[in-house]
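The structure is given below, and queries will be raised subsequently.
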Amino acid sequence: MAIVVQKFGGSSVANPERIQRVARRVVETKAAGNQVVVIVSAMGDSTDDLIDLARQITDKPKAREMDMLLATGEQVSIALLAMAIDKLGHSVLSLTGPQVGILTEHVHGKAKILDVNPERLRLELDAGNIVIVAGFQGATETGEITTLGRGGSDTTAVAVAAALKADVCEIFTDVDGVYTTDPRVVSNARKLNRITYDEMLELASLGAQVLHPRSVEVGKEYNVPIHVRSSFNYNPGTIVQEVVDEVEKDMMVRGVAYDLNVAKIGLFDVPDKPGVARTLFKALAERRVNVDMIIQSAMRDDKNDIAFTVGKDDLELAVEVVKEVNEAIGAGGLTYDADLAKVSIVGAGMVSRPGVAAMMFEALADEGINIDMIATSEIKVSCVVSASEAKRAVQAIHKAFELEGDVAANDEGFKAG
Ligand code: ASP
Ligand code: MG
């Protein structure tokens, strides 16, 4: 008997009708002869509503109490879904994260899962029950309730699937799967049948909001096949797995991602000597500013420029820190810009192919779009452009790599040659 883990997000359980629809889908999976564990998020926007409630009480809620509050969202949806399944005549029970034995580190608001105890789940499955588990939450060794960070139910689902050695972890969402780019930006973006963990990880961290990045990391670590599919239809979605297929290795670019949450800070005329970069980035790290791209220009007259990007929320704090560092190291001043975007191409096959980056730059040049910064890894090239040009940049790049949908029977991404 196969073990199937299914995860339904907040929009899939936003109201009683939708919960009943999810219940029918779960029951179908069970009736097809599978053991089924279901992970659910809080109903609709209820996590946001809870955050809002806290804000009405205080600006500075204790992180521990925030977790206590937010964890209630998922407790509502698991109970209601269990009731709906029971009404359909199937044995079912709901369990909170702590009841399952989802052990996390002792960090509130963004705890990492350390371990999932499969015992209780196995017992319930073997007794013939469908098990509904609250996403996004766990408990520390001492029983403190923690949450995993926004969107964390995906991670609960993949971690539970790993612990049970499930055959598949199905992530149900409101789109048909993972697309070559955001279909709201490019209407003929194509759904991908398969994508590797590394590619998905890049896309997820670059702003494609289909899967929580941490869930992909867990999937990769434990080799859990993740099936991203629609909760509104039965179309096959996108399978995330470690693809070793020779044909797939050929593919250069699989997707184009964009991120509008980008701000840049530049520091001029930085003395070129050992320890300067350390001083700057250590100061930023100490204030918990998350730095993304870093560029240092070529040296001239024993000086160079350093530029880096941060999320817009961190800009104010980062500028404060850089001003201090500027004074301390005797650099020549700073500039910043908050109206930027990062546009990226991702594909495992680009490792061995020269010219991919040049194709991307050409697509931007042809559109008259200026590139502000460039960063690369083995499987991605990212360009910072002005925010107002981001959409046009994505469209041009998507077109240049021929990622559009109607290419006959080819949903595998751009192939070289
Ligand atoms: N309910 C949580 C959130 O809205 C977790 C999740 O939806 O995955 O972020
Ligand atoms: Mg949610």
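Atoms within a ligand are numbered from 1 in the order they appear, just like the ligands themselves. Note: hydrogens, waters and symmetry copies are ignored here, and every other heavy atom, side chains too, is used.
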Using the ring of Phe401 (Phe, Tyr or Trp, six-membered ring only), decide whether Arg254 places NZ or CZ under 6.0 Å from its centre and within 45 degrees of its axis. no
Under a 4.0 angstrom heavy-atom cut-off, which atoms of ligand 1 come close to Ser41?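 In order of number, 6 (C), 7 (O), 8 (O).
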Can we say Arg229 and Asp176 salt-bridge, meaning some charged N sits less than 4.0 Å from an Asp/Glu carboxylate O? no
Just to verify, which of Gln241, Met200, Glu242 counts as forming a side chain to side chain contact (heavy atoms under 4.5 Å, CB included) with Lys220?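 When side chain to side chain contact (heavy atoms under 4.5 Å, CB included) is applied between Lys220 and each of Gln241, Met200, Glu242, only Glu242 qualifies.
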Could you tell me which atoms of ligand 1, counted from 1 in the order shown, lie closer than 4.0 angstrom to a heavy atom of Arg150?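 With Arg150 as reference, the close atoms of ligand 1 come out as 3 (C), 4 (O), 9 (O).
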Could you tell me whether some N/O pair between Gly149 and ligand 1 is separated by less than 3.5 angstrom? no
For ligand 1, indicate whether the residue Glu74 contacts it via side chain, backbone, both or neither (heavy-atom separation under 4.0 Å).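 It is the side chain that gets close, since no backbone atom is under 4.0 Å.
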Using the salt bridge (charged side-chain N to carboxylate O under 4.0 Å, His left out) rule, take Glu144 and Arg64 through it: C-alpha gap first, then chi angles, then the decisive distance, then the call. CA-CA 8 Å; Glu144 292 293 304; Arg64 178 188 186 276; 2.5 Å; yes
Can you find a non-hydrogen atom of Gly135 under 4.0 Å from ligand 1? no
Name the residue from Asp372, Asp337, Asp339 that meets the side-chain hydrogen bond (donor to acceptor under 3.5 Å, both in side chains) definition with Lys264.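 Filter result, single survivor: Asp372.
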Gly151 neighbourhood, listing ligand 1 atoms whose heavy-atom distance to it stays under 4.0 Å: 3 (C), 5 (C), 6 (C), 8 (O), 9 (O)
